[in-house]
Amino acid sequence: VKIYKVMSCFSQMEELQKENVYIKDAERVEKLLCQLIQDGKSKLQIITDFDMTLSRFSINGKRCATCHNVLENSSLVPESKKQVLDELRDTYYPIEINAKMTIEEKIPFMMEWYTKGTGVLVECGLKQSDLSLAVKESNALMRDGCDWQFSTLHEHKVPMLIFSAGIGDILEEIIKQHSQMYANMRVVSNYMDFNHDGMLVGFKGDLVHTYNKNEGALRNSDYFTTLKDRRNIILMGDSMGDLRMADGVPNMQHILKIGFLNDNIEERLEKYKEAYDIVLVSDSTMDVPNAILKKIL
Ligand code: C5P
Ligand code: MG
């Protein structure tokens, strides 16, 4: 009975039948889903990106803020610095989403973008006490269904790693304002370093950018070691760099990769279909991951 229930779940899941859902290898996904359902929640862990994966890409045709944009667009940053940051984005974001360049070709440019960008932010005299208001005044939003997902994963004690090339302090504040930070969540990101007056003086630790998450994953392998019995992973991301977030997981058995394709869609769809098991095009919700979680939990 269990096998029957499991084998038919794919076709029963109406969320997977929608037009914006692309699955290159349906047989593999069917098998993976079966396995994840059979193994259940005690074997599961979630590894997810933040910007444009947990957070929303756009609303009513307008881009939503990334962690970095929350600061760049706020009144905390003087106009002259805004201009510099805008120019950086106009130069480097097209490289980030370029469909023809390889990850290795993109890495030096991402390093440049992040180094210059964080340098400019430090020059702005930002204060820790201003961050909450900057988030409130921004249009950073979570995808519909994140709140349900977070509380449900917490309730079922499924660990969630949020691995972000954004800004840790900002992403935590976005989550707090739109949902809640729970004890089962762990964040690996770029955290701000404040002096005793609460003034931003730099960033802590090694820089995480969009395409070096593999290195970060290996640096955080202690985290994965404590979860060594959780051999099944659901990975969510919106960038080709996010596929490397699980590189530090020992004894991984099954990994289901769900990719949100938000921008430069036609050019990148084929690559995303190759790399991610399930590709969700221009989807502002967590409907598909949540439907899968409902089957597993
Ligand atoms: O991969 P992840 O979503 O964690 O990367 C952070 C996001 O922040 C990327 O989507 C990137 O476009 C964005 N970003 C930005 N401004 C910067 C640096 C990164 O909006 N200065
Ligand atoms: Mg992202």
Side-chain angles (χ1 to χ4, degrees), residues 48-93 96 110 112-144 146-147 150 160 162-182 185-210 216 238-239 260 262-263 284 286:
T48 181
D49 169 52
F50 181 77
D51 282 301
M52 311 297 121
T53 297
L54 294 181
S55 74
R56 250 181 98 129
F57 181 74
S58 65
I59 185 153
N60 302 327
K62 201 171 170 291
R63 282 292 307 264
C64 291
T66 62
C67 293
H68 290 273
N69 299 156
V70 165
L71 295 176
E72 292 170 4
N73 301 340
S74 80
S75 52
L76 305 171
V77 171
E79 280 308 318
S80 59
K81 303 283 185 201
K82 270 191 184 147
Q83 213 177 328
V84 179
L85 292 165
D86 285 351
E87 279 166 17
L88 289 175
R89 188 166 57 239
D90 292 345
T91 306
Y92 294 106
Y93 178 66
E96 180 191 334
M110 293 302 107
E112 259 176 46
W113 185 14
Y114 275 72
T115 311
K116 289 180 186 166
T118 51
V120 175
L121 287 178
V122 170
E123 288 165 12
C124 294
L126 298 174
K127 291 188 118 170
Q128 191 167 22
S129 53
D130 290 331
L131 299 186
S132 168
L133 189 65
V135 170
K136 217 163 272 167
E137 288 178 348
S138 77
N139 69 345
L141 287 173
M142 308 292 293
R143 267 173 212 283
D144 288 341
C146 273
D147 193 39
F150 294 169
M160 177 181 226
I162 301 175
F163 200 160
S164 168
I167 300 172
D169 311 71
I170 302 288
L171 84 80
E172 287 196 25
E173 187 59 31
I174 296 172
I175 292 178
K176 278 181 203 156
Q177 289 188 18
H178 294 279
S179 175
Q180 198 176 321
M181 284 294 296
Y182 290 97
M185 291 174 167
R186 155 87 174 257
V187 180
V188 172
S189 185
N190 301 303
Y191 274 89
M192 295 171 134
D193 197 4
F194 297 100
N195 68 12
H196 56 276
D197 294 325
M199 195 82 84
L200 178 70
V201 290
F203 284 79
K204 295 175 188 166
D206 298 316
L207 175 77
V208 183
H209 64 71
T210 322
D238 76 297
S239 149
F260 290 93
N262 306 305
D263 201 3
S284 62
M286 272 292 170

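Between the side chain of T91 and the main chain of E87, a donor-acceptor pair closer than 3.5 Å is present. Checking side-chain atoms of N195 against main-chain N and O of D197 turns up a donor-acceptor pair under 3.5 Å. Distance alone, capped at 3.5 Å, is enough to place a donor-acceptor pair between the Q177 side chain and the S132 backbone. Put simply, the side chain of T66 gets close to the backbone of N69: a donor and an acceptor are under 3.5 Å apart.
Distance check, rounded to the nearest 0.5 Å: CG of N73 to CD of E137 gives 11.5 Å. In this structure, L54 CG and I174 CD1 are separated by 10.5 Å, a value rounded to the nearest 0.5 Å. To the nearest 0.5 angstrom, Y93 atom OH is 10.5 Å from M110 atom CE. A distance of 10.0 Å separates CG in L133 from CD in E173, rounded to the nearest 0.5 Å. Here CG of L141 is found 5.5 Å from NE2 of H178. Values are rounded to the nearest 0.5 Å. Interatomic distance, OG1 of T48 versus CE of M160, reported as 5.5 Å (0.5 Å rounding).
Across every non-hydrogen atom of N190 and D169, the tightest pair is O-OD1, 4.2 Å. Residues M52 and C64 come closest through the heavy atom pair CE-O, 3.8 Å. Nearest heavy-atom pair, G166 versus S189, reported as atom, atom and distance to 0.1 Å: O-OG, 3.3 Å. The shortest non-hydrogen separation linking A165 to T210 is CB-N, 3.6 Å. Considering every non-hydrogen atom in both Q180 and F150, the closest pair reads O-CD1, 4.1 Å. The minimum heavy-atom distance linking I162 with L171 is given by the pair CG2-CD1, 4.2 Å.
The side-chain heavy atoms of N139 and R63, taken from C-beta on, include no pair separated by under 4.5 Å. Contact check for F260 versus D49: no side-chain heavy atoms found under the 4.5 Å cut-off. At a threshold of 4.5 Å between non-hydrogen side-chain atoms, the residues L71 and L85 do not count as touching. Within the 4.5 Å cutoff, the side chain of V187 has heavy atoms near those of the M181 side chain. Side-chain contact between R56 and D144 is present, with heavy atoms from C-beta onward closer than 4.5 Å. Residues S74 and S138 fail the side-chain proximity criterion, which asks for heavy atoms closer than 4.5 Å.
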Passes side-chain contact (heavy atoms from CB on, under 4.5 Å), F203 versus D193? Steps please.
CA-CA 5 Å; F203 284 79; D193 197 4; 5.8 Å; no
Evaluate the criterion side-chain contact (heavy atoms from CB on, under 4.5 Å) for residue pair M142 and F50; output intermediate values, then yes/no.
CA-CA 9 Å; M142 308 292 293; F50 181 77; 4.1 Å; yes
Give the C-alpha distance, both sets of side-chain angles, the deciding distance and a yes or no for side-chain hydrogen bond (donor to acceptor under 3.5 Å, both in side chains) between E79 and Q83.
CA-CA 6 Å; E79 280 308 318; Q83 213 177 328; over 6 Å; no
Where do L76 and K127 land on the side-chain contact (heavy atoms from CB on, under 4.5 Å) test, with the steps shown first?
CA-CA 9 Å; L76 305 171; K127 291 188 118 170; over 6 Å; no
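For the side chain to side chain contact (heavy atoms under 4.5 Å, CB included) criterion with D238, the lone passing option out of D51, T53, D263 is T53.
Each salt bridge (charged side-chain N to carboxylate O under 4.0 Å, His left out) pair with one or both residues in residues 68-78, not counting sequence neighbours, appears once here: E72-R89.
Note: H209 and Y114 have tilted aromatic rings, judged against thresholds of 30 and 60 degrees for the angle between ring planes.
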